[in-house]
Asker: 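Supplied in structure tokens, the structure appears directly below.
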Amino acid sequence: LGGTTEVTEEKLCKAGFKAVQSTEDNLWRITKVYDITINPVENGTLETSVTNGIVAGTTVNVYATPLEGYKIASVTTNGSELVGDSFVMPEDDVEIGATFAEIPKVAQIGSTTYPTLGDAIAAANAGAGDETIELLKDYTAADAEDLTFTKNATLDLGKFTLTVPSALYTAKKFGVAADASVSLENGTIELAGVGGGYGLQVYGTVTIACTFKQSSTNQTSPAFDCYNGAVINAGDDAVVISTGDVFRTKGKEAANTLTLNITGGTFTSNLRTFVGGCKTNEWHDGAYFNYGTDKCVANLHDAEGVLRVTG
């Protein structure tokens, strides 16, 4: 045929080939190459270390980056889930895609959102105190979550329902530490499940301005477990419904130092009921029951009795 034909890199690429120098004998050979197609993505970006003219066997790095407030849900190559952040180029073209899922926004402090209520409480505990935590949706805490307040705070339920599972509050991970004062407002808190004889652990001060339900099937589970020096405040917005005790003192010393400042609200229990008064066998000498400006001493150690207060 005679003559010569100039073979350029551009012509090779258009034909789907590439000149590759061997690392074994340093000879150049014409090798078939492949391309990557990156599908459009939303709520993030998707890139690869190379996209065109790739020799089979080349390691390709994948960079999937979600926007703020999102996380990687999946990355696929030719429809199969990618494990890790790289793959070896096959003897074929590759189509790569990714999806990004919104990170749940359960609670917020100011403009900062948190994926769990436990994370928000931890942030409030790490701060200077007096933070307001806003619940953003109906939420069921995880069994392993820690909902213990160690700093002053307000939990604004936002008219939503916080469900606390039995495994969490039975492990005493729902409570208010000594020297902390926490206000529970504007929604519903429900202690659910079998129970196990525990409720909200109160070592400090709790102000009830919400509906608080202890719906455990175990009647030994109170709504509030009150320890030495505990203070409970409740006004007209307080509604406590319990299958067990409403307030339970943890030992005689706790009973002698427990203070209930009740200026309104409704308290109902299968075992004890308080609606403007208190029926209980858990009170001891020295326990204070404050109603308005009146202070009364419950003198009911080891005996069931009725304490009625008017104001």
Side-chain angles (χ1 to χ4, degrees), residues 13 33-90 92-151 153-165 168 173-174 185-189:
C13 286
V33 292
Y34 305 94
D35 297 327
I36 292 175
T37 299
I38 300 176
N39 292 331
V41 297
E42 296 180 348
N43 305 313
T45 60
L46 180 62
E47 299 175 309
T48 56
S49 53
V50 287
T51 54
N52 300 108
I54 307 166
V55 176
T58 301
T59 297
V60 179
N61 295 321
V62 179
Y63 309 104
T65 306
L67 295 177
E68 184 177 356
Y70 289 83
K71 62 182 178 180
I72 298 171
S74 68
V75 178
T76 59
T77 55
N78 288 341
S80 298
E81 191 78 20
L82 175 65
V83 178
D85 55 8
S86 65
F87 67 94
V88 176
M89 193 70 184
D92 198 0
D93 292 335
V94 170
E95 184 176 298
I96 186 168
T99 57
F100 301 96
E102 186 175 11
I103 296 173
K105 297 176 181 178
V106 169
Q108 69 179 30
I109 300 174
S111 60
T112 303
T113 58
Y114 298 89
T116 72
L117 180 58
D119 289 335
I121 292 174
N125 290 340
D130 295 315
E131 300 282 11
T132 295
I133 301 170
E134 297 177 72
L135 196 66
L136 302 178
K137 59 189 292 186
D138 290 335
Y139 180 64
T140 298
D143 287 351
E145 219 164 319
D146 192 340
L147 305 184
T148 302
F149 293 86
T150 60
K151 296 279 183 69
T154 296
L155 176 58
D156 182 351
L157 297 161
K159 298 184 179 180
F160 295 110
T161 296
L162 166 63
T163 302
V164 182
L168 192 157
K173 290 187 176 181
F174 181 37
E185 303 177 357
N186 193 27
T188 300
I189 296 174

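By convention here, the first residue in the shown sequence is residue 1. Quick note: numbers below take in every heavy atom, side chains included, and nothing from hydrogens, waters or symmetry partners.
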Asker: Let me confirm one number: the CZ-CG distance from Phe149 to Leu155, rounded to the nearest 0.5 Å.
Answerer: 5.0 Å
Asker: What is the distance from atom CG of Leu157 to atom CG of Leu135, rounded to the nearest 0.5 Å?
Answerer: 6.0 Å
Asker: Using side-chain contact (heavy atoms from CB on, under 4.5 Å), reason through Met89 and Val94 one step at a time and then give a plain yes or no.
Answerer: CA-CA 8 Å; Met89 193 70 184; Val94 170; 3.8 Å; yes
Asker: Give me the atom names and distance for the closest heavy-atom approach of Pro90 to Tyr34.
Answerer: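 Residues Pro90 and Tyr34, closest heavy atoms: O-CD1, 3.7 Å.
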Asker: Over all heavy atoms of both residues, which pair between Val75 and Ala98 is shortest? Give the atoms and the distance, please.
Answerer: CG2-CB, 4.1 Å
Asker: Given 3.5 Å as the limit, does a donor-acceptor pair link the side chain of Glu145 with the main chain of Leu117, or not?
Answerer: yes
Asker: If only side-chain N and O atoms count, and only distance matters, is there a donor-acceptor pair under 3.5 Å linking Thr154 with Asp156?
Answerer: no
Asker: Drop me the distance from Glu134's CD to Glu185's CD, to the nearest 0.5 angstrom.
Answerer: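 Separation between the atoms: 10.5 Å.
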Asker: Between Phe100 and Ile72, does the side-chain contact (heavy atoms from CB on, under 4.5 Å) criterion hold? Intermediate values first, please.
Answerer: CA-CA 5 Å; Phe100 301 96; Ile72 298 171; 3.8 Å; yes
Asker: Is the number of heavy atoms from other residues, nucleotides or ligands under 6.0 Å of Glu81 CD greater than 12?
Answerer: yes
Asker: Out of curiosity, Thr99 OG1 to Glu42 CD, how far, rounded to the nearest 0.5 Å?
Answerer: 10.5 Å
Asker: Which distance, rounded to the nearest 0.5 Å, do you find between the CD1 of Ile133 and the CD of Gln108?
Answerer: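 One finds 11.0 Å between CD1 of Ile133 and CD of Gln108.
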Asker: Taking Asp93 for its side chain and Ile36 for its backbone only, find out whether a donor-acceptor pair lies under 3.5 Å.
Answerer: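 Pair absent, no side-chain N/O of Asp93 close to backbone of Ile36.
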Asker: Minimum heavy-atom separation for Pro115 to Val106, with atom names?
Answerer: O-CG2, 3.0 Å
Asker: Starting from the C-alpha separation in whole Å, work towards a yes-or-no answer on side-chain contact (heavy atoms from CB on, under 4.5 Å) for Asp138 and Thr163.
Answerer: CA-CA 8 Å; Asp138 290 335; Thr163 302; over 6 Å; no
Asker: Does any N or O in the side chain of Asn125 come within less than 3.5 Å of the main-chain N or O of Thr148, such that one atom is a donor and the other an acceptor?
Answerer: yes
Asker: Taking the side chain from Asp35 and the backbone from Gly53, do they hold a donor-acceptor pair closer than 3.5 Å?
Answerer: yes
Asker: Just verifying a value: how many Å separate Thr116 OG1 and Asp146 CG, rounded to the nearest 0.5 Å?
Answerer: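 Reported to 0.5 Å precision, the distance equals 10.0 Å.
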Asker: Could you pull out the closest heavy-atom pair between Leu168 and Ala141, with the gap in Å?
Answerer: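 Smallest heavy-atom distance, with atoms named: CD1-CB, 3.8 Å.
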Asker: Would you mind reporting whether Ile54 and Val33 have side-chain heavy atoms less than 4.5 Å apart?
Answerer: no
Asker: May I have the step-by-step check of side-chain contact (heavy atoms from CB on, under 4.5 Å) for Asn186 and Lys159, ending in yes or no?
Answerer: CA-CA 5 Å; Asn186 193 27; Lys159 298 184 179 180; 3.4 Å; yes
Asker: What heavy-atom pair brings Ser86 and Asn61 nearest, and what distance separates the two atoms?
Answerer: CB-OD1, 3.6 Å
Asker: If you compare all heavy atoms of Ile109 against all heavy atoms of Ala123, which two are closest, and at what distance to 0.1 Å?
Answerer: CD1-CB, 4.2 Å
